[in-house]
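Note that the coordinates shown come from a computational prediction; the quantities given were computed from them, not determined experimentally.
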Amino acid sequence: MATARARRAGTAPILTEEAGSASRPVPLVIDLDGTLLRTDLLLEGIIALLRRNPLMLLAMLLWLPRGRAFFKRRIAEGAGLDVATLPANEALLAHIEARKAAGQEIVLATAADELMALRALRRFPVFDRVVASDGVRNLKGAAKAAQLRALYPQGFDYAGDAAADLPVWAASRGVIVVGASPRVLRAARRLGKPVEEFPSASRSRALVRALRPHQWAKNALVFLPLVLGGRAGEALAWGSALLAFLALGLVASASYLLNDLLDLSHDRAHWSKRDRPLASGRLPIATALAALGLGLAGGLAVAAYAGAAVLAGVLAYLALTLAYSAWLKRVPMLDALTLGSLFTLRIAVGVAAVAVAWSPWLLTFSMFLFTSLSFAKRYTELRGAARRGQAGTIAGRGYEPADEAVVLAFGIASGLASVVIFILYLANEAFQHAALTAPLALWSFPLILVLFMGRVWLLAGRDALHDDPVAFAIKDRPSLALAGIAGLAFAAAAFGLPLGLLPASLLPQGLGL
């Protein structure tokens, strides 16, 4: 009964050497990776080293044959990881502090290298003792269980999170399961000991969020050449475009994971990005790496099936994305141009997929339009930094608060340039395009673009714009209304659909400009 009441109250019973005795409670032993910290120190260190110098991968391959303990020691020495910024399990930490106040000895026992463990000790002074890997012995699983049995023959309580902790739980008196998978939780319960649970948020939901499926809306650009090229009535062309759409979506989602992995430290210092699944620890790094590999493999396989031209375009997109994640996003101005280029590459992949003629006007228009939206994203970040009194270079970017006016000017200029380029397209190419049944309908586009860009920059100036203008646009009702009008005009231009006189009740209302 006492155990049940303690579990319901959120505090586990304190076990002693003999039931009913007044002896000192057995120690509470806490794992570090995935338990007290919502991340893995070894993987964090590897990523930090590779972000600083990708050639360190060669050195790591030489360290591995000398054993996991040696490998962990070298990573700990070279990474210089700041444990103070890593996400912690606050609920578990509060529980540990309560146990400490009740007189229980608190021990940190981790398979991480002791250099990492000592850094954690400076952040969490609640621990009385640290037991960790030492460069020679890897303190994991059975080795950790044997070490703890030797240190505490009277018994101990243990908090862990993974299958590797099962031998330790088997040797302990009390079992505390933190954020473990259902399989591990079932195995822990089968040990027949008191079990306390600290569940974590859904990893599958965190993975879906990290993959950013809403960003697949950007890949709809691959269908633009299909319609403008006059192949909208061909089922085979639609199939090719759909394959290109899927390939880009898979590769793009994988690249978002890679970008978040390389940007972990900067995201954790950012006011909104710190809540991203990887930065917050809700998505394990190992899960993200597995999804990244599957996404890249699947995307490139689909692209290869769609044809050599599509594969070349997707590989170009991937190469530019990698360059952006590793370097270009930290170069002011060039970062926005790179993002604009990635959008334009989507159109190029669409051209390759359906084998239509290239339109320099269309590609140039896309470049300026999406470069403007990229500047809007940077401008929003700069405004946010100024609002919070942040000085110096923005974390993970090359911009400073003083650059706000320049970014604003270039962003608005790029947006207006896209409007001018579209007008030039109408004047020089659209009316000569045999694939368009009623190109006159496209003259509504310049006005729609002016209204949309005006809304984006107006809200950016009011600090009311989401960090990502594309994510904002697909949720913003006025923007969706403008997109609906543009869709009708586009359909009329391509298929000759009569717009007619729509009832007033069907017309979009309240653009809020």
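Annotation: ring-ring contact (aromatic ring centres under 6.0 Å, His included) contacts of Phe127 (sequence neighbours excluded): none. Remark: Leu424 pairs with Trp361, Val420, Asn428 by the side-chain contact (heavy atoms from CB on, under 4.5 Å) rule, at least two apart or across chains. Among residues two or more places apart in sequence or in another chain, the salt bridge (charged side-chain N to carboxylate O under 4.0 Å, His left out) test is passed with Asp463 by Arg383, Arg387. With sequence neighbours left out, the ring-ring contact (aromatic ring centres under 6.0 Å, His included) criterion links Phe445 to Phe422. For Thr338, the side-chain contact (heavy atoms from CB on, under 4.5 Å) partners are Leu320, Tyr324, Leu328, Leu334, not counting sequence neighbours. Applying the side-chain contact (heavy atoms from CB on, under 4.5 Å) rule to Asp161 yields the partners Asp31, Thr35, Asp165; only residues at least two apart in sequence or on another chain are considered. Legend: residues meeting ring-ring contact (aromatic ring centres under 6.0 Å, His included) with Trp216, ordered by chain and number and at least two apart, are Phe245. In this structure, the side-chain contact (heavy atoms from CB on, under 4.5 Å) partners of Glu77, at least two apart in sequence or on a different chain, are Arg73, Arg74, Leu115.
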Does the side-chain contact (heavy atoms from CB on, under 4.5 Å) test come out yes or no for Arg212 and Ser253, once each step is laid out? CA-CA 6 Å; Arg212 303 176 203 175; Ser253 287; 5.9 Å; no

Could you go through the side-chain contact (heavy atoms from CB on, under 4.5 Å) check for Thr371 and Phe410 one step at a time? CA-CA 9 Å; Thr371 296; Phe410 270 81; over 6 Å; no

After noting the C-alpha distance and the side-chain angles of Leu86 and Arg123, does the key distance pass the side-chain contact (heavy atoms from CB on, under 4.5 Å) rule? CA-CA 10 Å; Leu86 302 181; Arg123 177 179 175 182; 4.1 Å; yes

Stepwise salt bridge (Lys or Arg N to Asp or Glu O under 4.0 Å) check, Arg268 with Asp82: CA-CA 11 Å; Arg268 287 168 181 153; Asp82 184 7; over 6 Å; no

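Among residue pairs with one or both ends in residues 274-300, none qualify as ring pair (Phe, Tyr, Trp, His ring centres under 6.0 Å); sequence neighbours excluded. Counting only residues at least two apart or on different chains, no salt bridge (Lys or Arg N to Asp or Glu O under 4.0 Å) pair has a member in residues 32-42. Under the side-chain hydrogen bond (donor to acceptor under 3.5 Å, both in side chains) criterion, no residue pair touches residues 46-59, with sequence neighbours excluded.
Here the side chain of Lys72 pairs a donor or acceptor atom with the backbone of Ala111 at under 3.5 angstrom. Between the side chain of Asp267 and the backbone N or O of Leu264 there is no donor-acceptor pair closer than 3.5 Å. When atom types are taken as modelled, the side chain of Ser444 and the backbone of Ala441 share a donor-acceptor pair closer than 3.5 angstrom. The backbone N or O of Ser414 lies less than 3.5 Å from no partner atom in the side chain of Ser372, so there is not a single donor-acceptor pair. Here the side chain of Arg346 pairs no donor or acceptor atom with the backbone of Leu248 at under 3.5 angstrom. Remark: side-chain polar atoms of Tyr399 are paired, donor with acceptor, to backbone N or O of Met333 under 3.5 angstrom.
For Arg455 and Phe452, the positive end is not near the middle of the six-membered ring at less than 6.0 Å and at most 45° from its axis.
Considering CG of Leu64 and CZ of Phe70, their distance stands at 10.5 Å, rounded to 0.5 Å. Here Asp263 contributes atom CG and Ser325 contributes atom OG; the two are 8.0 Å apart, rounded to the nearest 0.5 Å. Rounding to the nearest 0.5 Å places NZ of Lys377 at 9.5 Å from CG of Asp335. With values rounded to the nearest 0.5 angstrom, Leu362 atom CG is found 9.0 Å from Leu221 atom CG. Between Leu369 atom CG and Thr344 atom OG1 the span is 9.0 Å, to the nearest 0.5 Å. A distance of 6.0 Å separates CG in Leu36 from CG in Leu92, rounded to the nearest 0.5 Å.
Side-chain contact between Trp457 and Leu465 is absent, with no heavy-atom pair separated by less than 4.5 Å. Side-chain contact between Leu337 and Met367 is present, with at least one heavy-atom pair separated by less than 4.5 Å. For the pair Phe370/Leu342, no side-chain contact is recorded, criterion being any heavy-atom separation below 4.5 Å from C-beta on.
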Taking only distance into account, with no hydrogens and no angle test, what donor-acceptor pairs under 3.5 Å do side-chain atoms of residues 277-286 form with protein atoms, sequence neighbours excluded?
{"unit_1": "Ser280", "atom_1": "OG", "unit_2": "Arg276", "atom_2": "O", "d": "2.9"}
{"unit_1": "Ser280", "atom_1": "OG", "unit_2": "Pro277", "atom_2": "O", "d": "3.3"}
{"unit_1": "Ser280", "atom_1": "OG", "unit_2": "Arg282", "atom_2": "NH1", "d": "3.2"}
{"unit_1": "Arg282", "atom_1": "NH2", "unit_2": "Asp275", "atom_2": "O", "d": "2.5"}

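By the 6.0 Å contact criterion, CZ on Phe368 is open, its count of non-hydrogen atoms from other residues, nucleotides or ligands being 12 or less. Under a cut-off of 6.0 angstrom, the local environment of CZ in Arg68 is sparse, with at most 12 non-hydrogen atoms contributed by other residues, nucleotides or ligands.
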